[in-house]
Amino acid sequence: MNKQYDNRDIKKLLEIMATLRDSARGCPWDREQTFATIAPYTIEEAYEVADAIERGAVDDLEGELGDLLFQVVFHARMAEEVHAFDFGDVVAGICQKLVRRHPHVFGEVRGLDVAAQSRLWEEIKREERDAAGARGVLDDVPLGLPALSRAAKLGKRAATVGFDWPEIAGVRAKVDEELAELDAALAARAAGSSSAGAPVASAADAAVAADAAVAAEMGDLLFTLANLCRHLDLDPEACVRGANARFEKRFAHVEAGVRAAGGDWQAHDAAALDRLWREAKART
């Protein structure tokens, strides 16, 4: 490296990235990466930031934010190599966007409460979408979002034009409706699997169709639950992460109980395992 930058200077990181991608002396792995191959790592690093936050691990958060920043620098460097944009353009773009979307801070708009600020924010974003040529209300909702988050975002975006349940009770009723439709699809699948005398080919096709119907109804149910979370001001992904954590903690109690009794899972029937599970639930 020709220039000497302090490690706290972003220019140092940019220089390191340029060296890693250098065709003559760079890292072979870094040189062969593309936007598509790096994207999964970007998502992974964002999740690790969220994980550190959920664990309250501030020391870990520092490092995870650095890893995520490196992903931004990596993408910007690849873009610079094809003369699309560079890191400076990324910084300039987000600065302009933040100023534009906060006229109540950087402009002449004053005296807005939180609700009014949120409406203004959505209005500005809608104007940006229109300027970018988005034709549909849902056009630019990112496909790469986690499915539950995207379901809630789709619902929120549709709500901006009045397509939404007016109150929580309506969403809750929709959950019951979707559960009933799932039950009906499950019943139809069970009835199909128990029917005799049908030709093998048509029976196989019917089974595929029945499975697809169950999957569709399950998807509709999950979509509705994600939007129930939205109406309750809950993050559906956070809700599921919490459920996962509780399951892990409770299952660890069940596992400890099995080990204490000799470690033989086969010696514990469903009722015995359920008792251990209920003990774990009572403690958490």
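Just so it is clear, the model here is predicted, and its values are computed rather than measured.
- Here the side chain of Arg157 pairs a donor or acceptor atom with the backbone of Val137 at under 3.5 angstrom.
- Ring-centre distance between His102 and Trp121: below the 6.0 Å cut-off.
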* Tell me, with the steps shown, if Gln33 and Phe74 meet side chain to side chain contact (heavy atoms under 4.5 Å, CB included). => CA-CA 9 Å; Gln33 299 312 306; Phe74 207 137; 3.9 Å; yes

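- No donor-acceptor distance shorter than 3.5 angstrom exists from the side chain of Arg77 to the backbone of Arg21, with no hydrogens or angles considered.
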* Asked: Under the side chain to side chain contact (heavy atoms under 4.5 Å, CB included) criterion, do Leu273 and Asp269 qualify, and how do the steps go?
  -> CA-CA 6 Å; Leu273 294 174; Asp269 60 14; over 6 Å; no

* **Worked verdict on Arg230 versus Asp164 for salt bridge (charged side-chain N to carboxylate O under 4.0 Å, His left out)** => CA-CA 11 Å; Arg230 174 174 62 86; Asp164 197 13; 2.9 Å; yes

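- A donor-acceptor contact shorter than 3.5 Å is absent between the side chain of Asp211 and the backbone of Val208.
- Under a 3.5 Å cut-off, the side chain of Thr284 and the backbone N or O of Ala280 do form a donor-acceptor pair.
- By the 4.5 Å heavy-atom criterion applied to side chains, Val258 and Leu276 are counted as neighbours.
- Within the 4.5 Å cutoff, the side chain of Thr42 has no heavy atoms near those of the Phe35 side chain.
- Listed here is the closest heavy atom pair of Leu68 and Ala46: CD1-N, 3.9 Å.
- Between the side chain of Asp22 and the backbone N or O of Ala18, no donor-acceptor pair lies under 3.5 Å.
- The pair Glu177-Lys174 counts as a salt bridge, with a side-chain nitrogen and a carboxylate oxygen less than 4.0 angstrom apart.
- Residues forming a side chain to side chain contact (heavy atoms under 4.5 Å, CB included) with Asp59 (at least two apart in sequence, or on another chain): none.
- In this structure a side-chain-to-backbone donor-acceptor pair under 3.5 Å is missing from Glu181 to Glu217.
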* Given Leu154 and Arg150, is the side chain to side chain contact (heavy atoms under 4.5 Å, CB included) satisfied, shown in steps? -> CA-CA 6 Å; Leu154 287 168; Arg150 190 165 192 268; 3.8 Å; yes

* Determine, stepwise, if the pair Glu128 / Arg100 fulfils salt bridge (charged side-chain N to carboxylate O under 4.0 Å, His left out). => CA-CA 10 Å; Glu128 291 173 355; Arg100 183 173 64 249; 2.7 Å; yes

* Asked: Please walk me through it: do Leu98 and Ile94 pass side chain to side chain contact (heavy atoms under 4.5 Å, CB included)?
  -> CA-CA 6 Å; Leu98 288 172; Ile94 189 59; 4.1 Å; yes

